[in-house]
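These notes are about the structure you will find just below.
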Amino acid sequence: MRRYCGSLRKKDVGKDVVVKGWVQRTRNLGALVFADIRDREGVVQIVGGKEVGALRPEWVVEIKGKVEEREVKNPSLSTGEIEIKVESMKVLSKAKIPPFHVLDEVDVSEEVRLRYRYIDLRRPRMQRNIILRHRMAMVARTYLDSLGFIEVETPILTKSTPEGARDFLVPSRNYKGKFYALPQSPQLFKQLLMISGLDRYFQLAKCFRDEDLRADRQPEFTQIDVEMSFPQEEQIIEITEGLLKEMFAASGINISVPFPQLTYREAMNRYGSDKPDLRIPYKIDDLTEMSMGGGNRIIEEVIYSGGKLLGMKIPNGLTRKEIDSLNSFIKELSGDGIFWLKIEDGIRGNLKGNEEWKEKLCDSLDLHKGDTAVFVAGKGIKELMGSLRVKAARIKGDVEEGMKFLWVRDFPLFELDSEGNLTSNHHPFTSPANEDVSILEREPLKALSRTYDVVLNGIELGGGGIRINDAELQRKILKILGIEESRFSFLIEALEHGAPPHGGIALGFDRIVMMAAGEESIRDVIAFPKTTSGLCLLTGTPSDVDKPQLRDLGIKITSS
RNA sequence: GGGGUCGUAGCUCAAUUCGGUUAGAGCGCUGGCCUGUCACGCCAGAGGUCGUGGGUUCAAAUCCCAUCGGCCCCGCCA
């Protein structure tokens with residue numbers, strides 16, 4: 001009977017088995033030849049005569065033989081105590097010389113891996129990632145099902161929305177000049193499902209956003225999309241924590257719940273980020289108030305004009321070289337550079353000012369002998385300081401091991417975009433905090449929202465919120481944002497037909513798997529990813545299409 | 001859209017600073033030898049549009065311009 005190569009053990013000695021797999025490598029000693037045969041579960045050594053010596057790497061073979069205990073064992077292999085003595089052998093498929101070895105440790109460029117993805121996916125590490133992804137999807141479905149959530153598929157061909165990311169568009173053949181759009185998320189459909197009375201919905205949903213890519217961003221990606229009726233924020237948070245706990249357990253990682261929570265405001269003030277990496281122990285301090293009269297004219301002028309002085313303690317000091325590299329890092333991010341202080345025998349550093357003030361700064365930052373503090377002065381520098389925090393920790397190696405989850409709550413409802421227009425921080429269907437409804441029009445930027453993001457090690461895993469279920473309030477928000485109500489008239493109308501209070505969350509499934517797999521790019525947990533410029537090197541997508549296809553669609557390509 | 005970095009043999013890289021003989025190495029590949037290997041070993045050999053196009057020059061992998069592609073970052077990502 002057929003067995004997986006990697007499943008054979010000492011207890012199988014004496015059995016007649018068949019294995020089918022790929023030739024990993026041969027070791028030809030003349031009249032005695034060894035070969036490693038690989039399948040999904042691992043490799044096993046076969047041994048035979050000259051005929052085995054004809055095998056070449058990546059040929060697909062069927063081997064019949066008897067499992068025997070090895071004369072010389074290999075303790076570094078799980079099948080290392082046994083081998084298969086070949087009785088008959090069939091080559092099922094020959095193979096070209098592979099572009100690279102199918103081994104985890106072989107160094108090969110991502111370009112080549114993506115070009116030959118089907119070979120790259122033969123590597124144990126990639127198989128482990130893809131299988132882990134499957135397990136985590138299964139666990140998520142089982143968990144949500146057990147809590148009464150119902151998986152519903154929502155359309156892939158849907159309506160373009162004016163806000164948010166660029167849409168991928170699909171031209172309509174029957175209605176020339178009109179377009180479907182691929183969904184950026186199933187947001188509106190899941191709200192409609194709540195209005196439909198489904199009560200609890202989820203979906204492993206494909207989402208599409210036509211924006212520039214990163215190590216953790218692909219043009220198409222998968223969300224675990226969840227929505228429920230009559231929720232409290234705490235309920236959604238608890239359900240999500242349980243979901244993540246189960247999913248990580250599937251990869252053998254135990255995480256403790258509940259996660260700590262920060263408000264957006266706290267996160268920004270203390271960590272300079274709305275997705276802080278809590279593996280880094282540094283915290284940011286606002287030293288603005290104690291710095292008037294400190295004798296540093298540059299900083300005093302910054303404060304006069306509404307800026308701040310932020311400081312951060314780096315325990316156990318930085319060398320001059322490290323300070324220089326942080327300084328150039330900040331300058332590259334268009335900052336003015338950093339100030340620093342270091343306590344040795346006295347206070348040293350490039351921060352000018354009177355001694356009394358400097359001592360106050362040191363006290364306030366709890367600086368002791370050997371410690372360094374870095375400072376940035378200016379307006380809108382919280383995030384700059386946040387970047388400095390991460391950079392300094394990487395330089396110093398002050399990033400702890402482990403999985404540090406947290407919730408960031410109470411995001412502002414609105415923010416200003418680069419052109420100074422009011423936009424939604426989350427999306428236009430997010431409910432404002434009850435107490436802020438009255439200030440929506442007067443002081444929109446001060447209004448908070450009923451939102452929560454879940455963050456792991458500085459990476460945003462997902463976010464959600466309580467939605468608006470009142471048509472009037474939804475109209476008001478759209479009006480404040482300057483969005484034509486008609487774009488969402490179907491939603492408004494639905495809200496007028498009996499909409500329960502509802503809310504939910506959307507989790508980035510690829511990112512969750514990436515973290516659980518210990519990978520640094522979501523490309524490594526997606527079977528067929530695109531490059532950072534959005535190409536598929538395997539298929540050569542995107543590609544030209546035939547003229548008749550375009551004619552059917554009423555599309556003319558203009559040279560750009 | 002912007003910045004950085006890389007592109008030389010099937011793969012990973014060297015030679016590029018400061019132009020100059022025949023562009024090298026390891027792995028892989030091909031052939032030969034080898035009965036306990038497991039990164040098998042030994043001997044011999046083949047293999048190159050130096051990403052692409054243009055320019056400068058007596059001469060370009062090397063200098064200049066453009067362009068294509070990989071990766072990372074900023075902008076962007078409701």
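We name chains A, B, ... by the order of the sequence lines, and we start the count at 1 in each one.
Judged by closest nucleotide on RNA chain B, A/Val108 is the one of A/Val108 and A/Leu77 placed further toward the 5' end. Map A/Thr532 and A/Arg70 each onto its nearest nucleotide of RNA chain B; the residue landing nearer the 5' end is A/Arg70.
Checking side-chain atoms of A/Gln474 against main-chain N and O of A/Leu495 turns up no donor-acceptor pair under 3.5 Å. In this structure a side-chain-to-backbone donor-acceptor pair under 3.5 Å is present from A/Asp104 to A/Arg125. In this structure a side-chain-to-backbone donor-acceptor pair under 3.5 Å is present from A/Gln127 to A/Leu121. Side chain of A/Asp436 to backbone of A/Ala433: no donor-acceptor contact under 3.5 angstrom is found.
Within 4.0 Å (heavy atoms only), A/Arg115 reaches no atom of the nucleic acid at all. Residue contacts for A/Ser424: at a heavy-atom cut-off of 4.0 Å it reaches the sugar-phosphate backbone alone, with no base atom in range. When heavy atoms are screened at a 4.0 angstrom cut-off, A/Gln187 is found touching base atoms of the nucleic acid. Here A/Asp210 lies out of heavy-atom contact (under 4.0 Å) with every strand.
Taking the six-membered ring for Trp and the full ring otherwise, A/Phe488 and A/Phe429 have centroids separated by under 6.0 Å.
Considering only heavy atoms from C-beta on, A/Met312 comes within 4.5 Å of A/Arg389 through its side chain. Two residues are said to be in side-chain contact when any heavy atoms from C-beta on lie closer than 4.5 Å; A/Leu388 and A/Leu326 meet this criterion.
Proximity of A/Arg166 to the phosphate of B/G75: no side-chain N or O atom is located under 4.0 Å from OP1 or OP2. The phosphate of B/C71 has neither OP1 nor OP2 within less than 4.0 Å of any side-chain N or O from A/Ser521. Contact between the side-chain N/O atoms of A/Arg27 and the OP1/OP2 oxygens of B/U37 is not found at any separation under 4.0 Å. A close approach under 4.0 Å does occur between a side-chain nitrogen or oxygen of A/Ser533 and OP1 or OP2 of B/G70.
With no hydrogens or angles considered, no side-chain donor-acceptor pair links A/Ser273 and A/Glu383 at under 3.5 Å. A donor-acceptor contact under 3.5 angstrom links the side chains of A/Glu519 and A/Asn129, judged on distance only. Side-chain atoms of A/Thr26 and A/Asn28 include no donor-acceptor pair closer than 3.5 Å. Of the N and O atoms on the side chains of A/Asp410 and A/Tyr452, not one donor lies less than 3.5 Å from an acceptor on the other residue.
Taking atom P on both B/U5 and B/C77, the two are 27 Å apart, rounded to the nearest angstrom. Comparing the same atom, P, in B/G53 and in B/C34 gives a spacing of 48 Å after rounding to whole Å. B/G7 and B/G54 have their P atoms separated by 22 Å, with the value rounded to a whole Å. Nucleotides B/G36 and B/U30 place their C1' atoms 26 Å apart, quoted to the nearest Å. Remark: the separation of the P atoms in B/U22 and B/C27 is 28 Å, to the nearest Å. Here, B/G31 and B/U17 have their P atoms 41 Å apart, quoted to the whole Å. B/A15 and B/U21 are spaced 15 Å apart, taking the C1' atom of each and rounding to whole Å. The gap from the P atom of B/C63 to that of B/G20 amounts to 10 Å, rounded to the nearest Å.
Minimum atom distance to the side chain of A/Arg217 is reached by B/C77, of the listed B/G10, B/G69, B/C77. The nucleotide whose nearest atom lies closest to any side-chain atom of A/Gln45 is, among B/C76, B/U37, B/C11, B/U37. Each of B/C77, B/G36, B/U12 was ranked by its minimum atom distance to the side chain of A/Glu71; first place goes to B/G36. Closest to the A/Ala165 side chain, of the nucleotides B/G10, B/C77, B/C38, is B/C77.
For the segment residues 28-38 of chain A, the set of residues with a heavy atom within less than 4.0 Å of an atom of RNA chain B comprises A/Asn28, A/Leu29, A/Gly30, A/Ala31, A/Leu32, A/Phe34, in numerical order. Sorted by residue number, the list of members of residues 463-486 of chain A with any non-hydrogen atom under 4.0 Å from RNA chain B is empty.
Separating the CD1 atom in A/Ile477 from the CD atom in A/Glu485 is a distance of 12.5 Å, to the nearest 0.5 Å.
Across all strands shown, B/C63 forms a Watson-Crick or G-U wobble pair, both distances under 3.5 Å, with B/G55. Remark: B/A25 base-pairs with B/U12. Criterion, Watson-Crick or G-U wobble with two distances under 3.5 Å. The partner of B/U35 is absent, by the rule that a Watson-Crick or G-U pair needs both atom distances under 3.5 Å. Under the Watson-Crick and G-U wobble criteria, each requiring two contacts below 3.5 Å, nucleotide B/U17 is left unpaired. The partner of B/U5, taking Watson-Crick or G-U wobble pairs whose two distances both stay under 3.5 Å, is B/G70.
In the interface, the side chain of A/Glu83 is paired with the base of B/G36 through a donor and an acceptor atom under 3.5 Å apart. Between the base of B/C71 and the side chain of A/Arg214 there is no donor-acceptor pair shorter than 3.5 Å. A donor N or O paired with an acceptor N or O is not found under 3.5 Å between the base of B/C77 and the side-chain atoms of A/Arg209.
For the pair A/Lys85 NZ and B/G36 C1', the computed distance is 11 Å after rounding to whole Å. Atom pair A/Glu111:CD and B/G7:P shows a separation of 12 Å (rounding to whole Å applied). Between the CG atom of A/Asp107 and the P atom of B/A39 there is a distance of 19 Å, given to the nearest Å.
The shortest heavy-atom contact between A/Pro183 and A/Lys206 is CG-O, 4.1 Å.
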Output, in order, the C-alpha distance, side-chain angles, deciding distance and verdict of side-chain hydrogen bond (donor to acceptor under 3.5 Å, both in side chains) for A/Asp225 and A/Tyr201. CA-CA 8 Å; A/Asp225 195 42; A/Tyr201 143 93; 2.8 Å; yes

Decide side chain to side chain contact (heavy atoms under 4.5 Å, CB included) for A/Phe189 and A/Val152; before the verdict, give the C-alpha distance in whole Å, the side-chain angles of both, and the deciding distance to 0.1 Å. CA-CA 10 Å; A/Phe189 288 106; A/Val152 183; over 6 Å; no

For nucleotides 27-32 of chain B, read 5' to 3', which letter fits each nucleotide if B means a protein heavy atom sits under 4.0 Å from the base, S means only the sugar-phosphate is that close, and - means neither? SSSSS-

